[in-house]
Every structure is written in C-alpha cells, then in structure tokens.
There are 2 protein chains.
Amino acid sequence: MKFGVVAFPSKKLQDVANSYRKRYDPHYELITPHMTLKDAFEVEETQIKDMVKNLAEIVKRHKPFQLHATRVSTFSPLTNTLYFKIEPNPEILSLHEDLHKDFYGNQPKYSYVPHVTIAQKMSDSEHADIFGQLKMVGINHEETIDRIHLLYQLEDGSWTVYDTFRLPGDDQ
Amino acid sequence: MKFGVVAFPSKKLQDVANSYRKRYDPHYELITPHMTLKDAFEVEETQIKDMVKNLAEIVKRHKPFQLHATRVSTFSPLTNTLYFKIEPNPEILSLHEDLHKDFYGNQPKYSYVPHVTIAQKMSDSEHADIFGQLKMVGINHEETIDRIHLLYQLEDGSWTVYDTFRLPGDDQ
C-alpha cells in the first residue's frame with residue numbers, strides 16, 4: 001500500500017488554496033490542500049503496524065511548527081506547478097529530515113521546498129498566464145501546525161487519512 | 001465550522017465502494033468512503049479545543065468494533081440512496097449514542113442505520129435499475145475498526161481530517 005505524510009493547514013488557507021485548485025489542479029478531487037512532508041512510499045500490509053509505531057516515535061521528537069505562506073511561486077522549468085511557498089524553518093526541516101532517515105521510502109530526489117500546491121499540469125502558456133495573475137494577488141498567511149497525518153492511497157488515486165500524530169507541545 | 005465524525009474502512013472496502021461511487025455518487029469527490037457516526041454539526045472556532053477534548057473523553061469509553069458489511073440496501077422511499085448495510089452491534093450503537101448525548105449538534109432525525117453510501121441522488125428509474133444490479137452482486141466484508149476521525153468541511157463541500165481517535169484496545 002502507498003502511504004504519505006502531510007500537514008493539513010487550517011480551513012482558512014485550505015479554502016483559499018481550493019479556490020485556485022478547483023480550476024487549475026487536476027488533483028483537486030484526490031486530496032484536500034496540504035503540505036507534503038513525505039512523498040508516497042510503499043509499505044507491505046504486514047509492516048503497517050511497525051511503520052506506524054516507528055512514525056509515532058519520530059513525531060514525538062518534534063514540536064509544533066509555524067506554517068508561514070509568503071508568496072506564490074513555481075517549480076518551472078522542472079514542472080508547471082504553482083504553489084504557496086512555505087518559509088522553511090528549523091522545525092519543518094528537521095521533521096522532514098527525520099521522516100527520511102532510517103524510515104521507509106526513498107530519499108527525496110530534490111532538496112525540500114515546503115509548499116502547498118495550488119495549480120499543476122498546465123500548458124506552458126497557461127502556466128505563464130496564471131503565474132502572472134496569482135503572483136500579483138500573492139499570499140500572506142501564518143498559523144501553527146500541531147499535528148500531521150499519515151495517509152494511504154486508494155486505487156482511484158484519492159487519499160484517506162489513516163492516523164493523526166500530534167506534535168508534542170506545551171499543552172499536552 | 002462544520003464538523004463530522006466518521007470511520008474510514010480499510011482500503012479494500014473503500015476501493016469496492018469507490019468503484020460504484022465513481023459512477024453513482026455525486027459526493028464522490030468530497031470525501032472517501034466512510035461510515036458516518038455523527039452527521040455534520042456546527043462548532044464555533046473558539047469552542048473547537050473544548051469539543052475535541054470532550055470527544056477524546058467520549059471515545060476513551062469505547063472499544064474497537066466489528067464492521068460487517070452484509071448487503072446492498074436502499075433508503076428509498078426516503079431518498080434514492082444505496083449503501084452497504086453495516087450490521088449494527090452493541091459497540092457501534094453505544095458509540096453512536098454517546099456521540100449524541102451531552103455532546104455538540106442535534107439529535108439524529110432518524111433511527112441510526114450504520115452504512116457506507118455507494119450511490120445517491122439518482123432518479124427513481126436509475127435507482128431501481130442500479131439497486132437491482134448491485135443487490136445481486138451484494139457484499140460480504142468484515143473488519144475491525146480501531147480508530148475514528150473528526151473531520152471539518154471546507155467551503156467547497158469537501159472534508160478534511162482534523163484528528164484521529166483510537167478506540168482503546170488490548171494492544172495499547
């Protein structure tokens with residue numbers, strides 16, 4: 001089964017992201033707006049319990065983090081993907097690193113750019129056009145993320161939450 | 001904000017449900033296949049933390065339950081909705097009852113019929129046709145549910161998981 005780890009931002013940011021995704025992201029139907037912390041990784045049915053325990057141990061070592069979306073950016077020329085750039089900070093980077101060290105799945109192919117995707121799989125001209133528009137509108141949203149989610153993928157490509165892990169904070 | 005409480009069945013049952021939902025359920029895109037334990041209820045932003053604590057306390061009093069999907073049934077003539085009937089058992093019924101006693105939201109309008117929706121909002125003739133087909137195919141699937149999810153609804157109608165609650169079992 002294919003699993004992934006994400007943070008879902010608050011309703012407010014998700015609603016803004018969806019207002020774009022609805023039109024510009026063919027994955028709109030498959031998952032609500034999210035910041036990926038670990039891309040899809042394969043786990044055998046028999047190993048799921050172990051993996052979840054392992055993940056719980058990893059998450060325990062981390063704290064809630066600030067998610068600060070500061071601008072609209074693009075992965076072009078790599079892919080025609082637009083996203084809300086999330087400012088990297090030590091908490092996000094160390095959580096991402098820990099999820100790729102002595103844990104399931106492959107090492108990331110590219111250096112980690114925390115983001116929430118708002119548009120993808122556009123033609124070059126559409127990408128240029130929409131990027132121009134959305135860059136002007138921009139984004140500035142900050143919130144605290146105190147939980148992350150483990151998801152698995154269904155055969156139709158959609159993602160279901162398997163479990164939620166709290167990032168241990170002061171109020172627990 | 002609108003919240004709801006559901007159980008997500010295993011990938012296996014969700015895949016079967018989606019093979020029907022894809023064609024016959026206009027809510028297909030809004031949420032993955034689920035068994036509703038508590039319908040949408042409104043909670044003020046300021047009350048969310050209290051509500052979640054309250055919910056955690058309720059869940060602690062309950063045990064993992066058997067989800068046994070035994071046949072395809074319909075809510076007709078009330079609505080043209082087809083579903084996998086989940087056999088009610090004392091664990092499911094007491095969890096449902098507890099989620100509607102001294103907790104947020106309204107009392108249920110109808111007596112509780114545990115189910116996973118696979119088709120809805122069809123015309124009378126389509127409903128009769130599809131029900132005839134799916135009743136023949138039937139379903140027989142049993143699994144243990146050891147966690148439930150608290151979701152909130154986005155402006156576009158889709159649902160995001162806010163938190164996951166484990167039903168306390170022997171292995172914890």
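In this text, all values refer to a predicted model and were calculated from it rather than measured experimentally. Lettering of chains follows the sequences in order, A, B, ..., and the numbering in each one begins at 1.
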*Hey, are the side chains of B/Glu155 and A/Lys11 touching, using non-hydrogen atoms and a 4.5 Å cut-off?*
yes
*Note, A/Arg21 side chain near B/Asp156 side chain (heavy atom, < 4.5 Å)*: no
Do you reckon [X] sits in the same ILVMFWY cluster as [Y], going by side-chain contacts under 4.5 Å, direct or chained?
| X | Y | result |
| --- | --- | --- |
| B/Val52 | A/Phe8 | no |
| A/Tyr20 | A/Met122 | yes |
| A/Met136 | A/Ile130 | no |
| A/Leu95 | A/Phe41 | yes |

Between atom [atom1] of [X] and atom [atom2] of [Y], what is the distance when rounded to the nearest 0.5 Å?
| X | Y | atom1 | atom2 | result |
| --- | --- | --- | --- | --- |
| B/Ser10 | A/Met1 | OG | CE | 8.0 Å |
| B/Asn18 | A/Thr160 | CG | OG1 | 8.0 Å |
| A/Gln153 | B/Gln14 | CD | CD | 12.0 Å |

Could you tell me whether [X] atom [atom1] has more than 12 heavy atoms of other residues or ligands within 6.0 Å of it?
| X | atom1 | result |
| --- | --- | --- |
| B/Lys2 | NZ | no |
| B/Asn54 | CG | yes |
| B/Asn140 | CG | yes |

*Examine whether an atom of B/Lys12 lies under 4.5 Å from a heavy atom of chain A, and if so say whether it belongs to the side chain, the backbone or both; otherwise answer neither.*
neither
_Under 4.5 Å from any heavy atom of chain A, what part of B/Asp163 do you find: side chain, backbone, both or neither?_
both
_Out of A/Trp159, A/Tyr28, A/Tyr162, return the one with the most heavy atom pairs under 4.5 angstrom to chain B._
A/Tyr162
*With chain A, which of B/Leu151, B/Ile31, B/Thr32, B/Leu30 has the greatest number of heavy-atom pairs at distances under 4.5 Å?*
B/Thr32
